[in-house]
Amino acid sequence: MQGADDRIIATEGGFTPRRVLLVLAIGCVTAAVLGSTPLLGWTENLPDRPGTALIHDAALRWHSAMQAVGATGPYTWVRHTLRAVEAKPPG
Amino acid sequence: MLFPTLDFLVFFVVVAAAMVPLRQHHEARKLFLVAASYFFYAQWNWHFCFLLGFSSLWTYAAGRWIAVTPDGRKRRWILGMAVTVDLLLLGTFKYFDFFVGSVNQLAHALGLTHELPFVEIILPVGISFFTFHAISYVVDVYRGDVPVCRRLTDMLLYLSFFPQLVAGPIVRASFFLPQLYAPPRTGLAIGPPLMLILGGLFKKVVMANYLATDLVDPVFFDPASFSTLDLLLAAYGYAIQIYCDFSAYTDMAIGLAALLGYRFPPNFNQPYRSQSLQEFWRRWHISLSSWLRDYLYKPLGGSRQGAWMTRRNLLITMLLGGIWHGAAWKFVAWGALHGAGLVLERAVLGGHEKRSSNPLVRVLATLAVFHFVCLAWVFFRADSFDTAFTYLRTAAQLTPGMTQASPFTIGLIVLGMATQFVPPGFSRRLALGLATWPDWALGVGASMAMIAIDAMGPDGVAPFIYFQF
């Protein structure tokens with residue numbers, strides 16, 4: 001939050017491109033599970049090209065499956081909670 | 001393609017995946033990064049890839065020409081030509097219509113009826129940044145501060161590297177080019193760059209976006225309709241919004257570059273805790289203020305030629321720094337205010353900053369600097385001079401009440417200010433803690449944070465403020 005300090009980046013820790021990719025891949029899988037709502041929204045805004053409908057259908061089925069297992073709950077809860085805080089009237 | 005979007009995440013995962021097989025092939029790796037950067041830039045307007053390519057080729061050729069020319073006068077001439085072409089490109093694309101508009105206004109005021117035609121040139125995203133990269137390179141080669149770049153790929157990548165291409169930080173050739181001459185550094189921790197990226201996402205998606213939509217935009221749209229307290233809070237809100245917006249971009253740029261094995265210099269360092277304007281400019285947009293210092297203020301003579309010349313040099317530097325931000329008189333006014341403030345501060349404090357040992361004086365100095373910066377932001381943010389003066393006039397009327405600022409937006413302002421006073425070692429300690437996390441925990445943790453930030457943010461992603469510069 002306080003801005004990038006060069007020493008933050010210089011922390012030692014065994015970085016390799018393979019490890020970066022592994023972390024990103026694990027992150028993407030987690031995001032697909034917990035973030036099926038924004039994923040679906042993203043596919044709805046994709047430009048109209050061949051294959052877009054297929055991607056959207058797949059995202060829709062995936063979102064339904066995640067809803068069924070309750071994985072969309074945390075996203076919805078955070079969204080509604082912050083909207084409720086935001087909606088408190090001025091003054 | 002904005003950083004806080006799924007499009008960018010897909011793009012970055014593809015780039016990171018390509019880095020794995022290319023790890024042992026240094027030149028192919030750089031070529032791939034050039035291609036990826038041009039693809040990234042083409043997402044705005046592919047026509048401008050030719051402009052970026054031309055700027056890179058011209059800068060590369062000028063550097064090589066300077067390096068092989070022993071005659072001092074001829075070297076100066078080449079440098080002058082190289083910088084002139086760079087500034088002509090910037091001037092044409094960014095300032096031509098502003099120039100035409102200003103000339104027409106002057107002609108109208110003088111009673112002349114003939115008007116120069118507008119061309120309505122589209123501003124290429126990031127042109128101010130890559131032009132300053134190009135100028136710093138040729139000047140540094142001329143001064144002998146950086147060895148000439150011998151590979152065209154390195155120059156193409158230096159000017160186009162996608163994390164910094166559209167909104168900085170302005171990375172000096174002497175800082176970045178040596179990183180391209182050897183394979184990128186490995187062995188660093190992944191957690192700290194992820195922390196910067198997530199912190200940047202939070203600042204942009206939650207803090208900057210909500211402050212803009214819930215407070216700053218409505219108040220600046222029609223300032224005459226709001227109370228003094230709303231106007232004051234909107235000015236504070238804009239100070240936090242622009243800090244969160246711009247520092248978010250550069251934090252993400254630094255983090256993304258680090259994940260690819262490259263380092264960028266820091267660009268912000270808690271600017272609103274400054275106790276003088278000089279200190280503010282050492283903490284705000286550090287890469288621009290140090291660029292202006294080294295390539296404009298010092299060549300003008302800096303503070304070496306007496307008090308009056310120092311004042312003149314400060315004013316010229318800040319005026320040009322103001323107009324760098326955009327082709328409008330309000331940016332000139334913003335630069336002029338900061339220039340005048342710096343001159344006044346030097347006159348009062350002398351050339352050397354004196355930090356008081358009295359805590360009360362330090363608090364008062366911080367408050368004074370912050371409010372001066374907020375006053376200047378009013379001109380920066382307002383659509384026109386008229387709006388800015390209406391804003392200040394209405395604020396001075398001391399109208400009671402508060403209709404726009406809410407507990408939520410006030411909370412965001414307080415949070416934004418609190419980050420300015422976090423002890424300097426806090427982020428470092430956090431980074432050291434993250435460095436010990438296993439890969440799976442980093443992936444899951446970063447992803448959960450990213451989804452939470454997306455859930456918290458308003459719908460849609462507003463462009464970064466500094467994209468227009």
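Proteins get letters first, then strands, A, B, ... in listed order; numbering begins at 1 in each. Side-chain atoms are counted along with the backbone in the values below, which use heavy atoms only and exclude waters and symmetry mates. Since the model is a prediction, treat every value here as computed from it, not as a measurement.
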K.L.:
If we define contacts as heavy-atom pairs under 4.5 Å, which of B/D7, B/L9, B/T436, B/L260 has the most with chain A?
P.N.:
B/D7
K.L.:
Quick check: closest heavy atoms across A/L21 and B/A16, and the distance to 0.1 Å?
P.N.:
CD1-C, 4.2 Å
K.L.:
Would you find a donor on one side and an acceptor on the other, under 3.5 Å apart, between the side chain of B/S447 and the backbone of A/A31?
P.N.:
yes
K.L.:
Examine whether an atom of B/L194 lies under 4.5 Å from a heavy atom of chain A, and if so say whether it belongs to the side chain, the backbone or both; otherwise answer neither.
P.N.:
side chain
K.L.:
Do you know which of A/L46, A/L82, A/V29 has the most heavy-atom pairs under 4.5 Å to chain B?
P.N.:
A/L82
K.L.:
Identify which part of B/V10 has an atom lying under 4.5 Å from any heavy atom of chain A, answering side chain, backbone, both or neither.
P.N.:
side chain
K.L.:
CZ/A/R19 to CG/B/L442 distance, rounded to the nearest 0.5 angstrom?
P.N.:
7.5 Å
K.L.:
Can you tell me which portion of B/Y210 sits under 4.5 Å from chain A's heavy atoms? Options are side chain, backbone, both or neither.
P.N.:
side chain
K.L.:
Checking B/D454 against chain A: side chain, backbone, both or neither under 4.5 Å from a heavy atom?
P.N.:
both
K.L.:
Of the backbone (N, CA, C, O) and the side chain (C-beta and beyond), which part of B/P271 lies under 4.5 Å from a heavy atom of chain A, both, or neither?
P.N.:
neither
K.L.:
What part of B/M450 lies closer than 4.5 angstrom to a heavy atom of chain A: side chain, backbone, both or neither?
P.N.:
side chain
K.L.:
Check whether any side-chain heavy atom of B/F12 sits under 4.5 Å from a side-chain heavy atom of A/L24, and report yes or no.
P.N.:
yes
K.L.:
Where does B/D230 contact chain A at under 4.5 Å (heavy atoms): side chain, backbone, both or neither?
P.N.:
neither
K.L.:
Is the count of non-hydrogen atoms from other residues, nucleotides or ligands lying under 6.0 Å from B/M417 atom CE greater than 12?
P.N.:
yes
K.L.:
Taking side chain as everything from C-beta outward and backbone as N, CA, C, O, which of these in B/A17 sits under 4.5 Å from a heavy atom of chain A? Side chain, backbone, both or neither.
P.N.:
both
K.L.:
Are B/M19 and A/V20 packed together at the side-chain level, in the sense that at least one heavy-atom pair is separated by less than 4.5 angstrom?
P.N.:
no
K.L.:
Can you name the closest pair of heavy atoms from B/W440 and A/I26 and give their distance?
P.N.:
CA-CD1, 3.6 Å
K.L.:
Which heavy-atom pair separates A/P38 from B/L6 by the least distance, and what is that distance?
P.N.:
O-CD1, 4.1 Å
K.L.:
A/C28 and B/V13: which non-hydrogen atoms are nearest, and at how many Å?
P.N.:
SG-CG2, 3.9 Å
K.L.:
How far does CD of A/E86 sit from CE of B/M456, to the nearest 0.5 angstrom?
P.N.:
13.0 Å
K.L.:
Give, as side chain, backbone, both or neither, the part of A/L34 having an atom under 4.5 angstrom from any heavy atom of chain B.
P.N.:
both
K.L.:
With no hydrogens and no angle check, is any side-chain donor or acceptor of A/R18 less than 3.5 Å from a backbone partner on B/V20?
P.N.:
no
